[in-house]
Number of protein chains: 2
Amino acid sequence: MVRDRTGEHLAGWTARDGTGPLARCVGPARGAPVGSGVVSAPTALDPTADVLSLTRALVDAPSVSGSEGPLADAVEAALRALGGLEVERVGDAVLARTGLGLPTRVVLAGHLDTVPIAGNVPSRLDEDAGLLYGCGTSDMKAGDAVMLRLAGRFGVPGARPAHDLTFVFYDNEEVESARNGLGRVARERRGWLYGDLAVLLEPTDGEIEAGCQGTLRARLETTGRRAHSARSWLGVNAVHALAGPLATLAAYRAREVEIDGCRYREGLNAVGISGGVAGNVIPDEAALTVNFRYAPDRDEDAAEAHVREVFAEAIATGATLTVTDNAGGALPGLAEPAAAAFVAAVGRPARAKLGWTDVARFAAFGIPAVNYGPGDPQLAHTRDEHVRVDRLQPAEDALAAYLSGSTA
Amino acid sequence: MVRDRTGEHLAGWTARDGTGPLARCVGPARGAPVGSGVVSAPTALDPTADVLSLTRALVDAPSVSGSEGPLADAVEAALRALGGLEVERVGDAVLARTGLGLPTRVVLAGHLDTVPIAGNVPSRLDEDAGLLYGCGTSDMKAGDAVMLRLAGRFGVPGARPAHDLTFVFYDNEEVESARNGLGRVARERRGWLYGDLAVLLEPTDGEIEAGCQGTLRARLETTGRRAHSARSWLGVNAVHALAGPLATLAAYRAREVEIDGCRYREGLNAVGISGGVAGNVIPDEAALTVNFRYAPDRDEDAAEAHVREVFAEAIATGATLTVTDNAGGALPGLAEPAAAAFVAAVGRPARAKLGWTDVARFAAFGIPAVNYGPGDPQLAHTRDEHVRVDRLQPAEDALAAYLSGSTA
């Protein structure tokens, strides 16, 4: 899913992107009885099958993070069979590209892994409601199916896309950042990520989400002097020393900024606080953990400088601030011709992405990147994850039109 | 030791009374090499032996909380052998009293248990420095030895003390309050605690410490609404809601009050703070734990009312305050004739006791109670615990003079 870079999976919990309550992917799916299909690695994926059938085939091949191998094998075989693509395997990531010598290149990327299955595989089609249920339907095997369809159309000998194309199917997006397959490709096969525009087919409900905000975490630590609480005046209370920083946070006015027509909204918040030795001891240590979400017009250094400025008074009086994590955001880059053409092809305005997402891995190489996919981000990681069937074909059509050089 | 009622032993740590750093009683004693004596339960304790020999005999009989049995047996046998005392055993507490029909009665009390031994038993006498080293020397086997000496003097047929006397040797003072032997005696043999004055021979460095302050712990909990930190404005941050209460604590001016010439000093402090769900989630719960130490002119209800008043604004805006522990203090009661006579006999002014102590168990029955003993409270629970030999005889003499009706 379009997700947070770090901290998302603390204590086995996975948060939806956005604002919904946390949902744990265990136990039977609610409202989504298990279907009767067979769960197995597909022996063959057929990129010429319709996008719904392809989505089902992908969902019915379990690929929880760390066990994407069999599905990656099937994807690799299908891409090689097309005959018009250079294919390379990097761990459980599968890379494929055309080499037509066109002046522009578009990268399409999607992860193959899912969060742990919650009794919701194999898939179940509710034909009356027009919904396909199953783990990974929205996040993001529907997007992977669209990618395979586009590979089947433009990755064959004699095809005439308007741009050269690169397909990146990768592993381990749903776990900690260090294992992320796209990050591994960026380190080991950087040249494969080159392009004029990158489109990640993460669930966006058919909207274009551009760029992303950065995220910084810092720990503000105060110190004091321990004492028995019956003689508290002999000590210095480190918890009381957090009064100022908390008042600062409570009064903080977050900035809003518009870039390329996308409105970013920052936030600086306490996400944790701790202190205390025992019920009768004046604490000599306390810590406040803050998370700063910042618009992509600030880089990592500017973000840290801002946080240090916000807590300048506490720092001047002895508190220490340590940045524990800082991942810069990504500018939307919609002024770039390839990106502008994509927005025109989809026919809807781009909106700002507020969470941190894998588009930042492309932005780090100066490549404009957007999220655009058929899934519903609100359903990602939930027990009754599903995708609207009527969103699949329009997503494929819009991308096909753009890649053909026409308008949808 | 004169100690806190609750919370003192969290996580296996024991704090000195007062303001010193915490010291854990494990590992070899520093600066106090182990002596060469034999560690065992004494087969007999001789109350006519000198107070130093008696102290050594008591220290050399290990009696860590929960294993006081053999030492209690020896104390019981010694008291019964005196012939002038009614003796009763209640668990590992030993009770003994005269029954001379005198108009006033004085209770002398001391605990038999010690904190865990830290390689400092048996005792070691440094004759040059005049110090006796060993676990329990100060806290409080020196006091127990003085009690045994006084029993040997006034608990024999034909003795003529100025007051009837009650001796209470009890168990489990160094562990959680629920196990406290004096508390058990108060519940099961309340009549045994009756008296006009109670003297606890806890280490006070030869000073009289009168009454004690009360202690209240409360948990102030704030709530909010959980949200992804990338869209923090959709949530309500429960940690930020602690800004007001912390500012209140930081600005709090503690009251000082003089009662019977003893100066009490209150304190209201954060002793713990917690909150946080994950690094990318706006916390919907946070909690601040406070400890209020209050002078004995407030009772428990008045103390709680004060704390609720202090946090009235936070409570009015949705925070909840729960009192988790509240133990009233003890008035010094020095205006009572028996107490005034004791102060005159010792010849030093009484000072306020700021921590909560077992004297409150007597105060609960309206009995004036003081701490007065030969040990050094700063050494209690430390690896190099010791007692000054030249403090032993003066403590015995002062008490003997008072109990004889003369002035020391």
Side-chain angles (χ1 to χ4, degrees), chain A residues 4 6-8 10-11 13 15-22 213 215 217 226-235 237 239-251 254 265 267-283 286 288-289 291 293 325 354-356, chain B residues 4 6-11 13 15-22 213 215 217 226-235 237 239-244 246-251 254 265 267-283 286 288-289 291 293 325 354-356:
Chain A
D4 197 17
T6 57
E8 190 84 288
L10 283 181
W13 288 81
R16 300 181 197 179
D17 178 56
T19 62
L22 302 183
Q213 294 206 123
T215 178
R217 279 185 197 86
R226 202 177 283 200
H228 195 289
S229 62
R231 298 171 185 272
S232 53
W233 53 92
L234 296 175
N237 197 313
V239 173
H240 294 191
L242 289 176
L246 278 190
T248 298
L249 285 177
R265 187 167 174 180
L268 177 61
N269 275 274
V271 291
I273 193 166
S274 64
V277 176
N280 60 347
V281 178
I282 301 305
L288 176 67
T289 303
N291 183 208
R293 299 290 179 144
D325 182 51
L354 301 176
W356 193 95
Chain B
D4 197 16
T6 58
E8 190 83 288
H9 296 276
L10 284 180
W13 288 81
R16 300 181 197 179
D17 178 55
T19 62
L22 302 184
Q213 293 206 125
T215 177
R217 280 187 196 84
R226 203 177 281 201
H228 195 290
S229 62
R231 298 171 185 273
S232 53
W233 53 92
L234 296 175
N237 197 313
V239 172
H240 294 191
L242 288 177
L246 278 190
T248 298
L249 284 177
R265 187 167 173 180
L268 177 61
N269 275 274
V271 291
I273 193 166
S274 64
V277 176
N280 61 348
V281 177
I282 302 303
L288 176 67
T289 303
N291 182 208
R293 299 289 179 144
D325 182 51
L354 300 176
W356 193 95

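Note that these values count all heavy atoms, side chains included, but never hydrogens, waters or copies made by symmetry. Chain identifiers are assigned alphabetically (A, B, ...) following the order of the sequence lines, protein sequences preceding nucleic acid strands; residue numbering begins at 1 within each chain.
- Within the model, atoms NE2 of A:His228 and CG of A:Leu234 stand 11.5 Å from one another, a figure rounded to the nearest 0.5 Å.
- Interface remark: B:Asn269 contributes backbone and side-chain atoms alike to the contact with chain A (heavy atom separation under 4.5 Å).
- For the pair B:Asn280 and A:Val271, the minimum side-chain heavy-atom distance is 4.5 Å or more.
- Taking chain A as the reference chain and counting heavy-atom pairs below 4.5 Å, the highest number among B:Ala241, B:Ala250, B:Ala247, B:Gly267 is found for B:Ala250.
- Here B:Gly275 is the residue among B:Ala286, B:Ser232, B:Gly275 with the most heavy-atom pairs under 4.5 Å with chain A.
- Of the listed residues B:Leu268, B:Leu288, B:Leu249, B:Ile282, the one with more heavy-atom pairs under 4.5 angstrom with chain A than any other is B:Leu249.
- In this structure the side chain of B:Asn237 reaches within 4.5 angstrom of the side chain of B:Pro283, judged on heavy atoms.
- When each of B:Gly276, B:Ala270, B:Ala243, B:Gly272 is checked for heavy-atom pairs under 4.5 Å with chain A, B:Ala270 comes out on top.
- Side-chain atoms of B:Thr215 and B:Asp325 include no donor-acceptor pair closer than 3.5 Å.
- Interface remark: A:Thr289 contributes no atoms to any contact with chain B (heavy atom separation under 4.5 Å).
- Under the 4.5 Å side-chain criterion, counting only non-hydrogen atoms from C-beta, B:Val281 is in contact with B:Arg226.
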